[in-house]
Amino acid sequence: MQPRGLEGKLRRSVRWWNTPAGSVVLQISSVVIFLIVWELFGKVPRAIPIPTPDQSVRAAVSLDPLSFLYDCVLSFYRVGLGFLIAAIIGIPLGAIIGYSRLARGLLFPAVEVLRPVPPIAWIPLALLFFPGIEGMILFLTFYGAFFPIVYNTIAGISAIPTMYIRAARSLGASSWTLFWRIMVPAMLPSIFTGLHIAIGIAWLMVVAGEMVATTGGVGALTWEAYQTTHYPLIFVGMAAIGVLGFFSSQLIRFIARLVIRWDNA
Amino acid sequence: MSVTGTSDVVLDRVSKSYATVPVLDQCTFDVPAGSFTALVGPSGCGKSTIINLIAGYDWPDAGRLTVSGRPVSGPGWDRLVVFQETALFPWMTTIDNVIFGLQNRGFVRRDAEGQARELLAKFGLAGFERKYPSQLSGGMQRRAELARAMINSPEVMLFDEAFRGLDTMTRGLMQEYLLGVFEGSSITTVFVTTEIEEAIYLADRVVVLSGRPAIMKEIVTVDLPRPRKLEMLSSPQFGAIHERILASLIAEAEKDFSENVVLTEMLSASRGL
């Protein structure tokens with residue numbers, strides 16, 4: 001369902017594009033217009049013309065499906081592993097920084113110093129530091145995912161209303177109960193916000209890393225398409241990255257909905 | 001289970017400051033065991049602070065605060081609070097909220113749920129056991145919260161402007177409800193409110209507090225018969241009590257106001273120089 005938009009809330013009269021059928025027509029038109037504009041760009045006279053939609057589709061069909069699938073799975077694996085490690089370290093770290101003043105004083109300044117450096121700026125150092133390509137890419141996806149997870153966990157624990165803690169303590173909650181039955185569920189929505197942002201950045205990082213390393217993955221596929229002048233393949237790589245990123249973010253959303261049942265109940 | 005009706009709350013020259021701002025200054029009054037005592041006073045005068053001290057969320061800087069003769073040393077299920085906005089845990093269903101206290105005290109889930117079902121039915125919440133708080137109306141949330149506290153048989157119930165934010169209808173219904181539960185019970189009740197009518201309608205005694213830092217200004221005994229009836233709100237007796245409390249509060253507000261005026265004049269004079 002498309003968002004209704006401000007106009008939809010203000011106007012009472014139903015226009016044709018506000019009907020269910022009309023909205024489908026509208027959405028198809030949007031895609032068609034996009035393809036036409038793209039096609040037109042390909043017609044602009046240039047030394048090397050931009051590949052058109054039909055050329056890109058033909059390039060996609062001509063690809064070896066197994067090696068393409070391998071690239072997709074490889075990128076997904078690199079994102080997933082870095083993301084998982086970031087979550088396993090980042091969530092407890094954020095919780096400790098958010099909970100304890102000692103931990104905040106000790107750890108938060110270090111986190112703050114590193115944060116303003118965009119993760120992509122770490123690529124040269126990562127190349128120097130890690131002997132293998134896999135280690136370098138894993139570090140990049142981990143690093144990109146790490147900060148949004150830590151920050152949103154800190155925000156989640158800091159935003160727990162004291163009222164809940166007080167009510168729980170009055171009702172005789174032990175520290176264990178207070179942590180697992182009050183604090184953890186109270187910060188879950190915020191943690192999932194962090195995970196959602198993190199997976200997007202992890203995809204950004206895997207593409208950057210693979211373009212530098214050029215050893216497999218959809219980022220490498222896209223970059224090599226450019227270098228080997230198989231230009232229509234560039235679009236295939238881009239589309240694959242987009243679809244995989246969308247799929248990952250939907251996966252996080254799906255898990256969030258399973259875990260946080262009280263919000264949309 | 002504890003024996004109820006034996007707990008009195010005594011504040012003896014209790015003082016409390018937050019970041020050098022004095023909120024309570026040698027505040028002294030007592031809440032007799034089994035009584036329903038309302039606290040009224042100008043907004044921001046430290047009524048909530050008194051609740052927090054009795055509940056054990058905070059400690060007095062000076063003075064003595066005792067419940068059943070023992071100094072308060074921290075939160076406990078013998079003194080339970082109904083908060084301003086609902087403090088039901090949003091991630092637990094209504095019944096899980098209600099049995100939370102019992103579970104913490106080692107009750108088996110099945111026994112606790114049995115008790116909770118009975119109480120929820122009494123509180124008009126039968127059929128809503130498996131709903132989350134966000135699926136309940138404002139009035140239902142307050143009743144569920146009351147059930148969550150009452151299932152523990154507390155000796156002292158503390159209400160911190162518990163009915164604020166409810167519409168007039170729901171608020172009236174909740175007052176009726178509260179009377180139904182508390183009249184004839186021996187629970188000691190402290191009820192903080194900004195509504196004088198509400199205070200008189202519900203309470204045996206109304207403690208009037210001064211503006212910040214709060215000291216006890218006077219205690220007005222409400223000698224209206226029980227059970228309280230809605231008609232009493234228009235009785236001359238009710239009017240007289242209302243007038244007395246209002247006069248007391250207005251005197252307080254005016255004192256505050258004139259102090260502010262003097263301060264403002266001083267400030268503008270110094271700026272003029």
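Chain A is the first sequence line, chain B the second, and so forth, proteins listed ahead of strands; every chain is numbered from 1. Note that the coordinates shown come from a computational prediction; the quantities given were computed from them, not determined experimentally.
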Margin query: Please report the interatomic distance CG(B:N104) to CZ(A:R169), rounded to the nearest 0.5 Å.
Written below: 12.5 Å
Check: Checking heavy atoms, do the side chain of A:S170, its backbone, both or neither come under 4.5 Å from chain B?
Finding: both
Checklist line | Heavy-atom pairs under 4.5 Å with chain B, option from A:A167, A:P161, A:S174 with the top count | finding: A:A167
Margin query: A quick test of your reading: do over 12 heavy atoms of other residues, nucleotides or ligands sit less than 6.0 Å from OH of A:Y99?
Written below: no
Margin query: Atom CH2 of residue position A:W176 - does it have more than 12 heavy atoms of other residues, nucleotides or ligands inside 6.0 Å?
Written below: no
Margin query: Taking atom CD as the centre, does B:E129 end up with more than 12 heavy-atom neighbours from other residues, nucleotides or ligands that are less than 6.0 angstrom away?
Written below: yes
Item checked: A:I165 versus chain B, the contacting section by heavy-atom distance below 4.5 Å -> neither
Check: Does A:M163 CE have over 12 foreign heavy atoms under 6.0 Å away?
Finding: yes
Note to self: Does any backbone or side-chain atom of B:N52 lie under 4.5 Å from a heavy atom of chain A? Answer side chain, backbone, both or neither.
What the structure shows: side chain
Check: Out of curiosity, A:I182 CD1 to B:F100 CZ, how far, rounded to the nearest 0.5 Å?
Finding: 4.0 Å
Item checked: Min side-chain heavy-atom separation A:L171-B:R148 under 4.5 Å -> yes
Check: So which heavy atom on B:Y57 is nearest to which on A:R166, and how close?
Finding: OH-O, 3.3 Å
Checklist line | More than 12 heavy atoms from other groups under 6.0 Å of CZ on A:F108 | finding: yes
Next item on the list: Kindly check if the number of other-residue, nucleotide or ligand heavy atoms within 6.0 Å of OH (B:Y18) is above 12?
Entry: yes
Next item on the list: Find out whether A:R181 and B:F89 are in side-chain contact, i.e. whether some heavy atom of one side chain is under 4.5 Å from a heavy atom of the other.
Entry: no
Notebook entry, point to check: What distance do B:T86 atom OG1 and A:Y164 atom OH have between them, rounded to the nearest 0.5 Å?
Noted result: 7.0 Å
Note to self: Main chain of B:P133, side chain of A:W262: is a donor-acceptor contact present, judged purely on distance under 3.5 Å?
What the structure shows: no
Margin query: Heavy-atom count check: over 12 atoms from other residues, nucleotides or ligands less than 6.0 Å from B:E183 CD?
Written below: yes
Item checked: Interface moiety of B:Q103 toward chain A, non-hydrogen atoms closer than 4.5 Å -> side chain
Notebook entry, point to check: Does the side chain of B:W91 reach to within under 4.5 Å of the side chain of A:V184, using non-hydrogen atoms?
Noted result: no
